[in-house]
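Nothing here was measured: the structure is a model prediction, and the numbers come from that model. The analysis underlying the following values was restricted to heavy atoms, covering all of them including side chains, and did not include hydrogens, waters or symmetry mates.
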Amino acid sequence: MSPEPSALQIIENFRTCELTTMSRDGSPQTWPICPLLLPDGRFLICTSIGLPQKAFNIRRNPKVSMLFSEPTGSGFDNPGAVLVQGDAIAEDRIIADLRENRDLRRLFEQVCARQPASAFMSSWLGRRLFPFYYVRLAIQVTPYRILHWPTRDFSQNPRRFDFEELSHVD
C-alpha cells in the first residue's frame, strides 16, 4: 500500500481538475481543465475563443473553485482530493501562439503530455481545421483557500493547506 499523496503532489500529478465558475443567473458551471501551477502559487489555464463561457463568467464574478478529484493517470494508489478556491482573472488579450511566453509554453507542453490527442490541435492540420480552438484566452487563478482530503472520504473534515507550500522555485 503506497502512502497518501500530499496536497501538492495531487495538484502537480492529477491530469485534470474541475473548474467551477458562476453563470449569469448565479448557478455553477463546471468544466474539466488542465491547470499549470506557476512558481508564485497561482494557476494558469486557457480557454478557446470558440468556447469563451469560462472567461465571460469570470469577468462577471471572479470567484472560482478547482477540484482535483479525478486521479486517473496520476499514478497514485490511494489518492485524496484538493479543493482550491480563488479569484480568477480572464485576460482580454487573444493568444494566437501558446509558445509566446514561458508559462504559456509550459502549459501547452503539459496539456500535450497529459492529453496526447490535443497535440493534433496544434499541428498544421489541426490549426487549419480548427483555428478557433487554437486561439486562446489566458486565465489566472490566485488561491485564497486550499482544502485537502488525504483520502477520498469526503465525510471527513478536510485539512487546510499552507499556501507557502504552493510557491516554489522553477
Could you walk me through whether Arg160 and His148 pass the side chain to side chain contact (heavy atoms under 4.5 Å, CB included) check?
CA-CA 6 Å; Arg160 283 214 178 240; His148 174 219; over 6 Å; no

Under the 3.5 angstrom rule, does the side chain of Ser6 hit a backbone N or O of Ile10 as a donor-acceptor pair?
no

Compare every heavy atom of Leu38 with every heavy atom of Phe43, then report the nearest pair and how far apart it is.
C-CD1, 4.4 Å

Just by distance, do the side chain of Arg152 and the backbone of Ser69 share a donor-acceptor pair under 3.5 Å?
yes

Measure the shortest side-chain to side-chain distance between Pro32 and Cys17 over non-hydrogen atoms and say whether it is less than 4.5 angstrom.
no

Cys34 vs Arg15 side-chain heavy atoms within contact, under 4.5 Å
no

Work out which heavy atom in Ala90 is nearest to a heavy atom in Ile58; give both atom names and the distance.
N-CG2, 3.8 Å

Side-chain heavy atoms of Gln29 within contact of Met22, under 4.5 Å:
no

I need the minimum non-hydrogen distance between Glu18 and Thr30, along with the two atoms involved.
CB-CG2, 3.6 Å

Note, Phe76 side chain near Pro5 side chain (heavy atom, < 4.5 Å)
yes

List the steps and the verdict of side chain to side chain contact (heavy atoms under 4.5 Å, CB included) for Gln53 and Trp31.
CA-CA 10 Å; Gln53 194 60 52; Trp31 297 272; 4.0 Å; yes

List the atom of Phe14, the atom of Pro79, and the distance in Å for their closest heavy-atom pair.
CZ-CB, 3.9 Å

Checking Thr21 against Arg60 for the side chain to side chain contact (heavy atoms under 4.5 Å, CB included) test, could you report, in this order, the C-alpha distance in whole Å, the side-chain angles of both residues, the deciding distance, and whether it holds?
CA-CA 10 Å; Thr21 65; Arg60 275 193 302 275; over 6 Å; no

If you count heavy atoms of other groups shown closer than 6.0 angstrom to CZ of Arg159, is the number above 12?
no

Any side-chain heavy atom of Thr20 within less than 4.5 Å of one from Val64?
no

What do you reckon, is CG of Leu67 surrounded by more than 12 foreign heavy atoms closer than 6.0 Å?
yes

Report yes or no: does Glu91 contribute a side-chain atom to a donor-acceptor pair with the main-chain N or O of Arg93 at less than 3.5 Å?
no

Would you call Tyr144 and Lys63 a side-chain contact if the rule is heavy atoms closer than 4.5 Å?
yes

For a quick test of reading the model, state the closest non-hydrogen atom pair linking Leu36 to Asp103 and the distance between them.
CD2-O, 3.4 Å

Before giving the answer on side chain to side chain donor-acceptor pair (under 3.5 Å), spell out for Ser27 and Asp25 the whole-Å C-alpha distance, their side-chain angles and the decisive distance to 0.1 Å.
CA-CA 6 Å; Ser27 60; Asp25 68 4; 2.7 Å; yes

Quick one: pull up CZ in Phe56 and NZ in Lys54 and give me the separation to the nearest 0.5 Å.
11.5 Å

Heavy-atom check, side chain of Leu83 versus side chain of Trp149, under 4.5 Å
yes

Determine whether the side chains of Thr151 and Glu4 contain a donor N or O and an acceptor N or O closer than 3.5 Å.
no

Mind listing the closest non-hydrogen atom pair of Ala55 and Leu137 along with its distance?
CB-CD1, 3.9 Å

Check whether any side-chain heavy atom of Cys46 sits under 4.5 Å from a side-chain heavy atom of Ile139, and report yes or no.
no

What distance separates Leu44 CG from Leu37 CG, expressed to the nearest 0.5 Å?
10.5 Å

Same apolar cluster: Met66 and Leu147, side chain cutoff 4.5 Å
no

Which of these passes side chain to side chain contact (heavy atoms under 4.5 Å, CB included) with Arg42: Val141, Asp87, Thr142?
Thr142

If you count the non-hydrogen atoms of other residues, nucleotides and ligands that lie under 6.0 Å from CZ in Arg59, is the total more than 12?
yes

